[in-house]
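One-based numbering, in listed order, for ligands and for the atoms of each.
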Amino acid sequence: MTILITGGAGYIGSHCCVTFLEAGHDVVVVDNLANSSEESLKRVERITGRTVPFEPVDIRDQQELERVLRQYECTGAVHFAGAKIVGESITNPLSYYDNNVVGTQRLLSAMDKLEIRNVIFSSSANVYGPPSMLPVTESHPTGPLSPYGRTKAIVETMLSDLAASNPAWRIAMLRYFNPVGAHESGLIGEDPQDVPTNLMPYIAQVAVGRREQLTVYGNDYETRDGTGVRDYIHVVDLVEGHLKAYEALKALPDDRNCFTVNLGTGTGYSVLEMVRAFERASNKEIPYTIAPRRDGDVAECYADTELAARTIDWRAKRDLTAMCHDTWNWICKNPRGYGE
Ligand code: UD1
């Protein structure tokens, strides 16, 4: 009765391990360590006092996945493994299709073969493309603008087809808004391998003195202060949503054996509001300069959270202060991430 966590050594995956272990589940992690570190799993063990079996397997290796699923008698999977940098997906689309689409197809084939048919998939609000209405509901048309977003949308389609093909499947697709923050212990958190492309880890690295200043991409958007507005969600809230989704799978009827929900808070904050909140939490100044807009960015994006509340009985609980405080605690304790 073990849950396979693909990408479990990564930022969100490691937090998910903690939440699932604390809820009494057993887990096994597969990860190719492309953008993660085994040290995160040692930290998960410290937090939970449980052992976390780790298998250094790439999700494209179907045979190895089958071995792991069999050996640990898995009953389901939470599937995080994948690549997630929009710019990189534009310059190297084949590797994104390979990792995200082919990798998921192999994982699902392995699971289907062994009749393990419970799966939670990490999708992204990126599948919506530029919002035509706010807040963004799940019925908003999809239309991702990047290869990254298209790989997520393709996997969602593959999963819907799979659910329709066999009522034994139980599938949840979770569309993340902007995960930030860290576990309150400060033992696990986000540790980008290169220069961060996302806002929060960049701000944190400026605050801790690892980078000089933040570049704010655009202050001429139609938003309250001209900078981009996003729905930042605490990573622990996010993974609690996964636990709720996993628990909801059991109760799904055969003819509605698959659902898709947003995981966000429903509240948007601008880049400058994030900077100020982080300054308050860290008591550090965050110097910044204004630069032109970043390609592919939208002015404003935040979630409608009602369907998640109804479907999986979940709402985010942690506020912006907690997101900034926990990020600051993590980076102060681990200024160089896991690489110390
Ligand atoms: C980005 C990705 C999205 C992915 C998500 C999670 C893009 C266009 N989108 O979302 O597909 O699912 O990360 O990994 O890359 N900002 C700055 N300076 C920075 C970094 C960001 O001003 O150094 C601004 C951005 O312009 C945006 C906001 O901060 O307004 C949030 O950016 P980011 O954290 O990269 O998230 P998204 O762009 O929403």
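Residues H15 and F80 place their aromatic rings such that the two centres sit no closer than 6.0 Å. Between Y338 and W330, the distance separating the two ring centers is shorter than 6.0 angstrom.
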Could you check F177 against N126 for side chain to side chain contact (heavy atoms under 4.5 Å, CB included), going step by step and ending with a plain yes or no?
CA-CA 8 Å; F177 281 69; N126 202 272; over 6 Å; no
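Contacts of R224 classified as salt bridge (Lys or Arg N to Asp or Glu O under 4.0 Å), with partners at least two apart in sequence or in another chain: E273. Here T91 pairs with nothing under the side chain to side chain donor-acceptor pair (under 3.5 Å) rule; sequence neighbours left out.
If you look at ligand 1, the protein residues with a non-hydrogen atom under 4.0 Å away are K84, V86, S124, N126, Y148, N178, T197, N198, L199, L214, T215, V216, Y217, G228, R230, Y232, V271, R294, D297.
Taking Ile, Leu, Val, Met, Phe, Trp and Tyr as members and joining any whose side-chain heavy atoms lie under 4.5 Å apart, directly or through other members, the hydrophobic cluster of Y148 also contains I85, V86, I90, Y96.
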